[in-house]
**Q** 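This is the structure I have questions about; it appears just below.
We're numbering straight along the sequence, starting at 1.
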Amino acid sequence: MTELVPVLTSLHYLYLTGVIVILAVMILRKDTPAVCIAFLFLLGLVGTGSISGGVQTVFRSILYAGGEFMEVIATIALVTALSKCLSDLGSDYLLMRPMAKIMKRPSVTWWILSLTMFVFSLFLWPSPSVALVGAIMLPFAIKTGLNPLLAGMAMNLCGHGFALSYDCIIQGAPKISAGSAGISTSSILSEGRPLFLTMGFVTIAAAFLLNRKEMASSAVSAAAKKSEFPKKEEKKASRAALFLAILTPAAFLLDIVLLTALHLSGGEATSLVSGTAVLLMCIGAVCGYQKQALEKVTDYITDGFLFAIRIFAPVIIIGAFFFLGGSGISTILGEGISSGIMNDWALWLAHNLPLNPYMAALIQMLVGGLTGLDGSGFSGLPLTGSLAQTFGTAVGVSVPILAALGQITAVFVGGGTIVPWGLIPVAAICNVSPLELARKNLLPVFIGFAAVFVLACFLL
């Protein structure tokens, strides 16, 4: 592997400095877009060797990030448009009323939301699941008194964390890891199952226990919000509201059937759910407003995109910096620079740290986390898989266990629980700050990482 050791340049050291500074600013609870723009300019200056190149890099990076985020922006905008239509017609209340018998306390609501998101994400993947759960369950969850930030944690940790890292149904992540490690997908899922389950259960339990007092204190406000229901029940629901309340879950249920039958996932699944949302919004506008339907559709779409852009604006800037450290660097700085900066750092660590079973496990987790900083949980899996094969052979330990470790950290960091630019869908649906949600997730996820590392040391 000696020939694969990357040569670190001033660009690598400058980028690493930028990562450290940005993370430090985040920890201090300060806004980071200005810092990101400054480092984008400096990286462009060093990478192209000219001031004009530095200036152009700032814009190109932002444009690249905007393109990468566009699918999520459109999804959030269209689901928000549907939510506003449901609310205006009163269909949201009709949808939520049956759940009142079960979701009575914030703590119970938290677990129901978590379980629902986990199951949906296993079969549909997290992004379309966020849209489905957010459109139907989230409004009522918040009305029961559950803090939107805690609702976001439940959906995020169970969907983009637990379900996506395990991925035992669709098996996209383990297939990539297994292919790079030269082993079977079933071996990662079987030998790595204790790690996947430990990471999921420990992280979610830690998140609940760390926030249980906040959930208990919100029970009073939940009772106050529930007292609004009798007042609303006095108003007779319109035919349009009733029709849309029945059609919405039926349409999304049909989506689930189609996604399962046609084996759709990723962008295809998101497109189906998002298209369903916008069509339901149009039907609701026509049924509820007749002659004013054309204007209402425009208003809903405008409101949806304004909401999505307001959420995404700062994160696009932050994402621009971190995309520059991944595969986007060749598009942004030119074809002459083809390797990802963070991948180079990960390879450098793998070749320069002392190797034994425990260090191999630690390196796998560090490499997975580093490659996840670009906001893509899957981009680092080929690297962690190949390193698992190398380390496993060199040290004489389980290759599937090492591959599972890299997969867990890469997905939990990059898939959307730690880096703010990766968890935007949940943050936008819950109308909370992505930065605040990332900070809230940090401690439970690192508790999970610690538990998984200890368990891996025994299993290796």
**Q** Is there a side-chain contact (heavy atoms from CB on, under 4.5 Å) between I112 and M137 once you walk through the steps?
**A** CA-CA 10 Å; I112 292 175; M137 292 187 66; 3.8 Å; yes
**Q** According to ring pair (Phe, Tyr, Trp, His ring centres under 6.0 Å), who are the partners of F252, at least two apart in sequence or on a separate chain?
**A**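 Not a single residue meets the ring pair (Phe, Tyr, Trp, His ring centres under 6.0 Å) criterion with F252.
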**Q** Locate the shortest heavy-atom distance separating S121 from G159; write the atom from each residue and the value.
**A**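 What the structure gives for the nearest pair is OG-CA, 3.4 Å.
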**Q** By the side chain to side chain donor-acceptor pair (under 3.5 Å) test, which pairs, at least two apart or in different chains, include something from residues 395-404?
**A**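 Non-adjacent pairs meeting side chain to side chain donor-acceptor pair (under 3.5 Å): E191-S398.
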**Q** Would you name the heavy atoms of S107 and F208 that are closest together and state the gap between them?
**A**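 Looks like CB-CE1, 4.0 Å.
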**Q** Please find the pair of heavy atoms, one from A388 and one from A403, that lie closest to each other, and give the distance.
**A**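 Here A388 and A403 meet closest at CB-N, 3.5 Å.
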**Q** So do the side chains of L150 and K440 get within less than 4.5 Å of each other, counting heavy atoms only?
**A**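 Sidechains of K440 and L150: in contact.
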**Q** Does any non-hydrogen side-chain atom of I408 lie less than 4.5 Å from one of F449?
**A**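 The answer is yes; the side chains approach within 4.5 Å.
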**Q** Within the distance-only criterion (no hydrogens, no angle test), does the side chain of T144 pair as donor or acceptor with the backbone N or O of A141 below 3.5 angstrom?
**A**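 Here the side-chain-to-backbone pair exists.
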**Q** Find the distance between CG (L89) and CG (L244) and round it off to the nearest 0.5 Å.
**A**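 So the CG of L89 and the CG of L244 are separated by 6.0 Å.
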**Q** L210 versus P444: any side-chain heavy-atom pair under 4.5 Å?
**A**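 Yes, at least one pair of side-chain atoms sits under 4.5 Å.
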**Q** What's the shortest heavy-atom distance between A181 and V399, and which atoms?
**A**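 Smallest interatomic distance, heavy atoms only, reads CB-CG1, 4.0 Å.
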**Q** Might you work through the side-chain contact (heavy atoms from CB on, under 4.5 Å) test for L149 and C430, ending with a clear yes or no?
**A** CA-CA 7 Å; L149 192 59; C430 296; over 6 Å; no
**Q** Decide yes or no on side-chain contact (heavy atoms from CB on, under 4.5 Å) for V397 and F391, but give the supporting numbers first.
**A** CA-CA 8 Å; V397 295; F391 293 159; 5.8 Å; no
**Q** For atom CZ of F453, decide whether the heavy atoms of other residues, nucleotides or ligands shown that lie under 6.0 angstrom number more than 12.
**A**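 More than 12 within 6.0 Å, yes.
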**Q** Mind checking the CZ-CZ spacing from F321 to F39? Nearest 0.5 Å is all I need.
**A**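 Nearest 0.5 Å value for the CZ-CZ distance: 6.5 Å.
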**Q** Keeping S190 on the side-chain end and S187 on the backbone end, is there a donor-acceptor pair under 3.5 Å?
**A**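 Looks like yes, one N/O pair under 3.5 Å.
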**Q** Side-chain contact test, heavy atoms from C-beta onward, threshold under 4.5 Å: evaluate it for P106 versus E214 and give yes or no.
**A**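 Not touching, per the 4.5 Å side-chain cut-off.
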**Q** So which of L402, L164, I188 actually passes side-chain contact (heavy atoms from CB on, under 4.5 Å) with Q407?
**A**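 Running side-chain contact (heavy atoms from CB on, under 4.5 Å) over L402, L164, I188 with Q407 returns exactly one hit, I188.
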**Q** Under 3.5 Å, which donor-acceptor pairs link side chains of residues 409-418 to any protein atom two or more places apart or in another chain?
**A**
unit_1: T409; atom_1: OG1; unit_2: M365; atom_2: O; d: 3.3
unit_1: T409; atom_1: OG1; unit_2: L405; atom_2: O; d: 3.2
unit_1: T409; atom_1: OG1; unit_2: G406; atom_2: O; d: 3.2
unit_1: T417; atom_1: OG1; unit_2: F412; atom_2: O; d: 2.3

**Q** So, for P174 and L189, which heavy atoms are closest and what is the spacing to 0.1 Å?
**A**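 Taking every non-hydrogen atom into account, CG-CD2, 4.0 Å.
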**Q** Between A154 and S114, what is the shortest heavy-atom contact and its length?
**A**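 Scanning both residues completely, I find the closest heavy atoms to be CB-OG, 3.2 Å.
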**Q** Check whether any side-chain heavy atom of L423 lies under 4.5 Å from a side-chain heavy atom of N441, and answer yes or no.
**A**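 Answer yes - side chains close enough.
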**Q** Got a second to check how far N211's CG is from M215's CE, nearest 0.5 Å?
**A**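 One finds 5.5 Å between CG of N211 and CE of M215.
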**Q** So V133 and L138, do their side chains get closer than 4.5 Å, heavy atoms only?
**A**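 No, their side chains stay 4.5 Å or more apart.
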**Q** Holding to side chain to side chain contact (heavy atoms under 4.5 Å, CB included), I want the full list of residues that pass it with S186, two or more places apart in sequence or in another chain.
**A**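 S186 satisfies side chain to side chain contact (heavy atoms under 4.5 Å, CB included) with S184 once adjacent residues are dropped.
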**Q** Find out whether P148 and N431 are in side-chain contact, i.e. whether some heavy atom of one side chain is under 4.5 Å from a heavy atom of the other.
**A**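 Side-chain contact under 4.5 Å: no.
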**Q** My understanding is that only residues two or more places apart in sequence, or in another chain, count here; which of them pass ring pair (Phe, Tyr, Trp, His ring centres under 6.0 Å) with F196?
**A**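 Partners of F196 by the ring pair (Phe, Tyr, Trp, His ring centres under 6.0 Å) criterion, ordered by chain and then number, come out as Y166.
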**Q** To the nearest 0.5 Å, what is the distance between CZ (R105) and OG1 (T109)?
**A**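 So the gap between those two atoms works out to 9.0 Å.
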**Q** Atom CD1 in I317, atom CG in L40: separation rounded to 0.5 Å?
**A**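 The distance works out to 8.0 Å.
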**Q** Donor-acceptor pair, T384 side chain versus L381 backbone, under 3.5 Å?
**A**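 Checked: pair present.
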**Q** What distance separates L254 CG from T276 OG1, expressed to the nearest 0.5 Å?
**A**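 Answer rounded to 0.5 Å: 7.5 Å.
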**Q** Could you walk me through whether K175 and D167 pass the side-chain contact (heavy atoms from CB on, under 4.5 Å) test, one step at a time?
**A** CA-CA 10 Å; K175 280 179 183 176; D167 198 13; over 6 Å; no
**Q** Show me the side-chain donor-acceptor pairs of residues 197-207 shorter than 3.5 Å, one per line, residues at least two apart or across chains.
**A**
unit_1: T198; atom_1: OG1; unit_2: P194; atom_2: O; d: 2.6
unit_1: T203; atom_1: OG1; unit_2: M199; atom_2: O; d: 2.6

